[in-house]
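Since the structure is predicted, the reported quantities are computational estimates derived from the model, not experimental observations. Sequence positions, counted from 1, serve as the residue numbers for this chain.
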Amino acid sequence: MQTSDWELVSRAQKGDLDAFTLIVNQYKVRLLGYIFRMINSREDAEDVLQEVFLRVYNSLSRYSPQYQFSTWIYRITQNLCIDYLRRRKLATFSVDEKFGAEEDLSLELPDESMCPEKIFESQEIKRQIEEAIYGLPVKYRAVIILRHVQDLSYEEISEIMDMPVNTVKTHIFRARRILRRQLQDAI
């Protein structure tokens with residue numbers, strides 16, 4: 001665990017609200033990005049983030065310094081995202097279904113002087129990729145976001161998801177394969 005995390009957690013466990021505020025400020029942007037990509041709703045992501053920090057605050061007494069704090073807080077976040085998705089019972093998407101019309105998808109390579117059309121097309125591809133990620137089964141979506149958006153190691157993902165590293169690698173491989181099939185015409 002980072003020394004600063006441990007010091008802040010230790011102070012927060014003793015009732016120091018300023019230390020807890022620093023923890024919130026340190027993690028809120030990363031966690032909000034992760035939650036948003038998991039549930040695909042900005043307002044709901046902010047609600048889930050609040051629930052994460054409430055859960056963290058109420059569980060600080062049970063936190064053990066033998067685990068990295070970042071892994072612990074991501075684990076709580078992951079569990080709350082899954083709970084939210086279960087409650088919401090999202091519509092599922094077929095992994096075999098074509099993703100977008102071929103004529104709507106094209107790859108534009110960015111250059112130094114991007115015109116508005118290219119910026120729009122680039123944003124459209126990004127939107128399609130995000131939709132494809134959101135369409136993944138939750139177990140695959142979570143590992144893709146943790147690995148490629150949050151830039152966590154396989155070991156950290158393994159701890160957060162409570163699964164062996166090889167299973168994490170398998171989930172990432174399968175998720176990439178699904179994404180590749182869905183987006184083959186876009187990229």
Side-chain angles (χ1 to χ4, degrees), residues 1-2 5-6 8-9 12-13 17 19-95 97 127 129-179 182:
M1 169 189 281
Q2 296 175 353
D5 276 351
W6 172 237
L8 292 174
V9 170
Q13 286 175 327
L17 292 178
F20 187 74
T21 300
L22 291 172
I23 291 170
V24 169
N25 290 335
Q26 184 173 337
Y27 284 94
K28 69 182 175 185
V29 172
R30 286 185 286 171
L31 294 178
L32 183 61
Y34 174 71
I35 296 166
F36 174 72
R37 286 175 178 85
M38 283 296 292
I39 65 177
N40 202 27
S41 166
R42 179 74 178 190
E43 288 178 13
D44 292 342
E46 290 171 354
D47 291 343
V48 171
L49 181 66
Q50 285 183 338
E51 181 64 29
V52 166
F53 286 118
L54 283 172
R55 182 83 47 98
V56 167
Y57 185 77
N58 291 327
S59 302
L60 272 177
S61 62
R62 294 189 302 268
Y63 170 72
S64 171
Q66 73 187 41
Y67 303 107
Q68 275 192 323
F69 183 74
S70 60
T71 302
W72 185 73
I73 198 168
Y74 267 101
R75 181 73 150 306
I76 291 171
T77 305
Q78 170 69 17
N79 290 340
L80 287 172
C81 286
I82 289 172
D83 289 347
Y84 171 86
L85 293 171
R86 282 186 187 138
R87 284 191 312 266
R88 193 164 148 210
K89 295 187 181 180
L90 297 174
T92 58
F93 301 95
S94 169
V95 294
E97 185 178 310
R127 184 193 61 76
I129 291 170
E130 287 177 355
E131 282 182 10
I133 290 171
Y134 184 69
L136 289 170
V138 173
K139 63 183 178 181
Y140 295 155
R141 183 184 331 153
V143 294
I144 285 292
I145 293 169
L146 289 170
R147 179 71 180 149
H148 294 293
V149 178
Q150 300 293 319
D151 204 28
L152 298 179
S153 70
Y154 292 120
E155 291 77 17
E156 290 171 316
I157 297 169
S158 171
E159 289 180 39
I160 291 166
M161 301 291 294
D162 193 26
M163 63 177 66
V165 172
N166 286 337
T167 304
V168 169
K169 290 178 181 180
T170 300
H171 282 14
I172 289 173
F173 172 79
R174 290 178 180 163
R176 287 175 182 161
R177 187 175 57 199
I178 292 168
L179 290 171
Q182 290 181 338

Mutual orientation of the aromatic rings belonging to Phe53 and Phe20 [parallel < 30°, tilted 30-60°, perpendicular > 60°]: perpendicular
Passing candidate, side-chain hydrogen bond (donor to acceptor under 3.5 Å, both in side chains) with Tyr74, options Gln150, Arg30, Glu156: Gln150
Expected output: side-chain Arg88 to main-chain Ile39 donor-acceptor under 3.5 Å: yes
Side-chain heavy atoms of Arg176 within contact of Ile144, under 4.5 Å: yes
Residues in side-chain hydrogen bond (donor to acceptor under 3.5 Å, both in side chains) contact with Gln78, at least two apart in sequence or another chain: Tyr34
Close side-chain approach of Tyr57 to Leu17, heavy-atom, < 4.5 Å: yes
Nearest heavy atoms of Ala12 and Ala19, plus distance in Å: N-CB, 3.9 Å
Smallest separation among heavy atoms of Phe69 and Leu60, with atom names: CE1-CD2, 4.4 Å
Heavy-atom closest contact (Lys139 atom, His171 atom, distance): CD-NE2, 3.8 Å
Side-chain touch Leu146/Met161, heavy atoms, less than 4.5 angstrom: yes
From CG (Asp162) to CD1 (Ile157), nearest 0.5 Å: 14.0 Å
Check: Arg37 side chain, Tyr134 main-chain N or O, donor-acceptor pair, under 3.5 Å: no
Glu46: partners by side-chain hydrogen bond (donor to acceptor under 3.5 Å, both in side chains), with sequence neighbours left out: Arg42
Straight-line distance of Ile160 CD1 to Ser70 OG, nearest 0.5 Å: 7.0 Å
Distance, nearest 0.5 Å, that separates CG of Leu54 from CD1 of Ile76: 11.0 Å
Distance-minimising heavy-atom pair for Pro164 and Ser158: C-OG, 3.8 Å
Minimal non-hydrogen separation, Lys28 against Leu49, with atom names: O-CD2, 3.9 Å
CD1 on Ile82 to CZ on Arg141, rounded to 0.5 Å: 9.5 Å
Set of side-chain hydrogen bond (donor to acceptor under 3.5 Å, both in side chains) partners for Thr167, sequence neighbours left out: none
Stacked cation flag Lys169 on Tyr154, 6.0 angstrom / 45 deg: yes
CG-CG distance between Leu8 and Asp5, expressed to the nearest 0.5 angstrom: 6.5 Å
Nearest-0.5 Å distance that lies between atom CZ in Arg174 and atom CD1 in Ile178: 9.0 Å
Residue pair Met38 / Cys81: nearest heavy atoms and the distance that separates them: CB-SG, 4.0 Å
